[in-house]
2 protein chains.
Amino acid sequence: MSITIKDVAKHAGVSKATVSRVINHNTSVNKEIKERVLASIEELGYQPNAIARSLANSTSNVIGLILPDIVNPYFPALARGIEDSAHEHGYSLFISNTDNNPDIEQEYIEKMCRQQVGGIILISSILDEEKVNKLAELGVPFVLCDRLIENSQFDTVSIDNYKAAYEAVQRLIRQGYEKIYHLSGPKHIQPADKRRQAYIDAMHEHGLESMYQVGDFSYKSGYERMKSVLEKSKISAVFAANDLIALGAMSAIHEKGLTIPNDISVIGCDDILFAQMSNPKLSTISVPAYKIGATAVKLLVDRIKGVRSKSKNLILNHKFIERES
Amino acid sequence: MSITIKDVAKHAGVSKATVSRVINHNTSVNKEIKERVLASIEELGYQPNAIARSLANSTSNVIGLILPDIVNPYFPALARGIEDSAHEHGYSLFISNTDNNPDIEQEYIEKMCRQQVGGIILISSILDEEKVNKLAELGVPFVLCDRLIENSQFDTVSIDNYKAAYEAVQRLIRQGYEKIYHLSGPKHIQPADKRRQAYIDAMHEHGLESMYQVGDFSYKSGYERMKSVLEKSKISAVFAANDLIALGAMSAIHEKGLTIPNDISVIGCDDILFAQMSNPKLSTISVPAYKIGATAVKLLVDRIKGVRSKSKNLILNHKFIERES
DNA sequence: ATGAAAGCGCTAACAC
DNA sequence: GTGTTAGCGCTTTCAT
């Protein structure tokens, strides 16, 4: 068995309560005693048991992260931002992948509640008002990232997906492209919906015809859709809903013997690690994933500590990155 | 406040112990009573408090994962394998990134111990006998992945890095390449050391001169080293210690106006997601990261449950993937 | 400022 | 087979 607060108390010749007071440095304790306790802690190598603490406090220094899939290259940076910031604030981090399955998502939320996490950062599969209301009943603070519902009682962090996509399409149009195809993301995944709508609006507002196809946020999906598009239509540019799709499209374009950007220009979204490693290097909308994560933790910690009660909806800045595609 | 075991006991007209017995279904309880308790649990929506459970058991259904950096594309698949398998076995997962900093690593290990994790999966920065012995004193089960020290008291999972690299180099030699350069990984990172040694041995055993440079496991490092190599030496093939380095090297080669594999052939190691997305697609040694993760959890869970006491050192199979580079 | 004692929600002897 | 009781290690009234 390991050293407990009782051992320290005995060793320092004080009560458990006093030891507790010095390790939580909130209430004041006699300086001399404090030092004696500190010395005992040092000497015995005492480490407070976080579990016991959590039970007594009915909350823990743990936050939960629930996301679709850490293997999707957009998420590692987000997760890293969350992890760094969490540890900075003294929290540990639980992580689970949902594969966008609402049932699994629900299961993990419950599991984390049983663990009495202090709060949860959720990148949800599907979110509607009803679901949000249910979450609120759980009594655990949530921060919603990327996929959110506006004006909920929860804090949220994201970029302005509509604006980002609109600007990107507008940029292509201004460069003279007219046959711009959109390889969209899945229906009902909020950023995909927003980016699609922005594309449609931008095209129509410039008197151009919109052409798009819904599909997965994956390389394979981008590759396959692009392949079929190339067989049917003559297009001059592609706006992909994310970089993975864009990379897949690039592969299909190369396979067809066409060159990028001379024959077809491609732009993506996210700015994942590989956007700068592709050949040619992918031009894309940079989404500050790391910062979104770090910011989400800040909001959550404030909320846990009760610093703030009004919900905050933060929109971080995106940036268009012009590279070679 | 939420529903506790006491509420359920009262509602079902039994003692807390009985409720505890039914939710842990180990000891036998009267079928009728059992159903009554189950009904009460259902009706009240009772969720056992994992924290209280952990305190009483002095262990938790949580395992910790400590790895260098989730943003490095090799690790997401590993982490995902661990997460899936952990949840399958009823465990939650803590995660922390060390950036290969031994002090941070130590800090996280201690933090997880304070959380009374059931066990820890460690991809360590630096591991020597002394350190391993210290870890053993902690009394928490560890499983070492990828970077390990043989014949320790811990379970380990990895591939045979020496063999994998040796085969890859041999393959190049058999194809007629002679001027094979090795872009190695950092010194003292075990897989990097093994791969480097295998390269050196393979070259010498075939009467060829070994040429290599140590560096980071990063794209940038691969790019820069390759650039300088191209200025000085005439080489015909590159064996990179990982895919990120290989991708960086490919970029430098393209920049120089050379083509792959005609002028220079490149092979990597890991088979990260992007190996199959590059242009040309990267030939590489496939490391079964997901499986390594899933296997590590299995070993750990067995160990936690005391199924096995002798340590196991598992070597999973790698596979050479011939693509276009 | 400090100590004694109750309690957080659960499990595990130990009795019956 | 079931209930009673004593913890697990910590925090937090409530006295002093």
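Numbers restart at 1 for each chain; the letters A, B, ... are given by sequence-line order, proteins then strands. FYI, side chains are in, hydrogens and waters are out, and symmetry mates aren't considered; it's all heavy atoms of this structure. None of the values given here were measured: they were computed from a predicted structure.
- The aromatic rings of A:F142 and A:F154 sit tilted relative to each other, their planes meeting at an angle between 30° and 60°.
- Of the candidates D:dG1, D:dT11, C:dT11, C:dT11 carries the atom nearest the B:S20 side chain, counting heavy atoms from C-beta on.
- Closest to the side chain of B:T4, out of C:dA4, C:dC14, C:dG9, is C:dG9.
- The minimum heavy-atom distance linking B:Q153 with B:R303 is given by the pair O-NH1, 4.1 Å.
- A pairwise comparison of heavy atoms in B:S54 and B:Q116 identifies O-NE2, 3.4 Å as the closest pair.
- When the side-chain nitrogen and oxygen atoms of B:S15 are compared with OP1 and OP2 of D:dT4, none of them lie within a distance under 4.0 Å.
- Two end axes, each from the C1' atoms of five base pairs, can be drawn for the helix from C:dA1-D:dT16 to C:dC16-D:dG1; they diverge by 40°, to 10 degrees.
- For A:R114 against C:dG9, a side-chain-to-base donor-acceptor contact under 3.5 Å is absent.
- Between the P atom of D:dT5 and the CZ atom of B:R21 lies a distance of 14 Å, rounded to the nearest Å.
- Listed in residue order, the members of residues 41-55 of chain B having a heavy atom less than 4.0 Å from DNA chain C are B:Y46, B:P48, B:N49, B:A52, B:R53.
- Rounded to an integer number of Å, the gap from B:K10 NZ to C:dG9 C1' is 14 Å.
- A ring-centre distance under 6.0 Å is not found for A:H11 and A:Y46.
- Distances from the side chain of B:V14 to the nucleotides D:dT12, D:dG3, D:dT11 place D:dG3 closest.
- Atom NZ of A:K16 is separated from atom P of C:dG7 by 14 Å (rounded to the nearest Å).
- In this structure, B:N49 and B:T4 have side chains that are not in contact, with every pair of non-hydrogen atoms separated by 4.5 Å or more.
- Nearest nucleotide to the side chain of A:N57, out of D:dC14, C:dC10, D:dT11: D:dT11.
- Residues B:K131 and B:E105 are paired through a salt bridge, judged by an N-O separation under 4.0 Å between the basic side chain and the carboxylate.
- A salt bridge between A:D302 and A:K312 is absent, with no side-chain N of the basic residue lying under 4.0 Å from a carboxylate O of the acidic one.
- The CD1-P distance, from A:I5 to C:dA5, rounds to 17 Å in whole Å.
- What you find for B:L273 and A:P73 is that their closest heavy atoms are CD2-CG, 3.8 Å.
- Comparing atom distances between the A:A56 side chain and each of C:dG3, C:dC10, C:dC8 picks out C:dC8 as nearest.
- Atom pair B:K6:NZ and C:dC10:P shows a separation of 11 Å (rounding to whole Å applied).
- OP1 or OP2 of D:dG1 has at least one side-chain nitrogen or oxygen of B:S28 nearer than 4.0 Å.
- Residue B:I3 contributes atom CD1, which lies 10 Å from atom P of C:dC10 at whole-angstrom precision.
- Ranking D:dT2, D:dT11, D:dT4 by closeness to the B:V29 side chain, first place goes to D:dT2.
- When the P atom of D:dT2 is taken as reference, atom NZ of B:K34 falls 11 Å away, rounded to whole Å.
- Where B:N30 and B:Q116 meet DNA chain D, the nucleotide closest to each residue was compared, and B:N30 sits on the side nearer the 5' end.
- Nearest heavy-atom pair across B:S20 and B:I5 is N-CD1, 3.7 Å.
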Does A:R80 form a salt bridge (charged side-chain N to carboxylate O under 4.0 Å, His left out) with B:D99? I'd like the steps, not just the answer. CA-CA 11 Å; A:R80 185 70 209 257; B:D99 287 323; 2.8 Å; yes
